[in-house]
Amino acid sequence: INAEYGLELGPGHGVALREAVRTAKRCVAVEISDAFRAKLEADETFKTVELHGDDAIKLPLENESIDKVLAVNVIYFLDPLDSYLREILRVLKPGGRVMFGCKFQIWEKPFFHPLGYFATRGPAFVNRTKEALLEAMARVGFDNVSIEMVEFEDNKVYNYYAVAGSKTA
């Protein structure tokens with residue numbers, strides 16, 4: 001998150017948050033999981049992050065206060081989607097951007113997952129199509145909504161998509 005004031009929703013282990021701490025002048029993270037939040041709080045890397053345990057449906061932030069929002073592998077849990085998207089739009093400054101890192105496919109054949117376990121089916125939380133997410137973002141008022149596949153050389157199991165949008169007014 002290269003921004004004055006960046007927000008990450010669901011930072012989990014803090015992989016992307018580590019980069020945000022390096023590049024944003026001020027970072028906020030909203031992590032609903034007590035276990036993940038405890039790990040983040042125990043890591044010195046995140047001592048300057050404003051860490052909240054709230055549900056992202058009601059963010060503890062002022063209107064139009066955030067430059068950029070990042071959420072990787074979070075979109076699947078946001079239900080009702082439109083309500084969460086409206087809340088993200090509320091905290092974005094005019095000119096602000098949101099980016100979701102998502103995967104949309106469910107695997108049909110057994111495979112060995114890169115995280116080290118055998119899976120017979122893809123994750124149950126993949127519950128939205130690309131089209132549904134793009135339509136919802138446009139419907140609640142995001143502008144310049146786009147999607148791009150992101151390929152990782154070391155990832156042969158699934159594709160990630162960067163879904164982005166902005167707030168122009």
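Residue numbers run from 1 in the order of the sequence given.
Without hydrogens or angle criteria, Arg26 side chain to Glu50 main chain gives no donor-acceptor distance under 3.5 Å.
Counting heavy atoms of neighbouring residues, nucleotides and ligands inside a 6.0 Å radius, atom NZ of Lys93 exceeds 12 of them.
For the residue pair Leu133 and Ile75, the shortest heavy atom distance occurs at CD1-CD1, 3.6 Å. In this structure, Leu134 and Ser146 approach most closely via the heavy-atom pair CD2-O, 4.0 Å. Contact record, Ile57 with Glu87: O-CG, 3.5 Å, taken as the closest heavy-atom pair. Shown here for Ala138 and Val145, the closest heavy-atom pair between the two residues is N-CG2, 4.2 Å. For the residue pair Leu51 and Glu31, the shortest heavy atom distance occurs at CD1-CB, 4.5 Å. Taking every heavy atom of both residues into account, Ala136 and Leu81 meet most closely at CB-CD2, 3.7 Å.
Remark: Glu148 CD to Tyr160 OH distance equals 15.5 Å, nearest 0.5 Å. Between Asp143 atom CG and Thr168 atom OG1 the span is 3.5 Å, to the nearest 0.5 Å. With values rounded to the nearest 0.5 angstrom, Lys25 atom NZ is found 14.0 Å from Thr48 atom OG1. Annotation: the span from Glu4 atom CD to Asp67 atom CG amounts to 6.0 Å, rounded to 0.5 Å. Residue Arg90 holds its CZ atom at 7.0 Å from OG of Ser65, rounded to the nearest 0.5 Å. Atom CZ of Phe100 and atom CG of Asn73 lie 12.0 Å apart (nearest 0.5 Å).
The shortest distance between side-chain heavy atoms of Leu9 and Ile88 falls below 4.5 Å. Side-chain contact between Met137 and Leu89 is absent, with no heavy atoms from C-beta onward closer than 4.5 Å. Between Val49 and Glu8 the shortest side-chain heavy-atom distance does not fall below 4.5 Å. Between Leu85 and Arg139, every side-chain heavy-atom pair lies at or beyond the 4.5 Å cut-off. Taking 4.5 Å as the limit, every side-chain heavy atom of Val74 sits out of range of all side-chain heavy atoms of Tyr84.
Residue pairs meeting the ring-ring contact (aromatic ring centres under 6.0 Å, His included) criterion with at least one partner in residues 13-66, sequence neighbours excluded, are His13-Phe36.
For Glu41, there are no side chain to side chain donor-acceptor pair (under 3.5 Å) partners at least two apart in sequence or on another chain.
No continuous path of hydrophobic side-chain contacts links Ile32 to Val72 [ILVMFWY only; heavy atoms under 4.5 Å].
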Start with the C-alpha distance between Leu59 and Leu7, add both sets of side-chain angles, then the distance that settles side-chain contact (heavy atoms from CB on, under 4.5 Å), and finish with yes or no. CA-CA 10 Å; Leu59 294 167; Leu7 165 66; 4.0 Å; yes
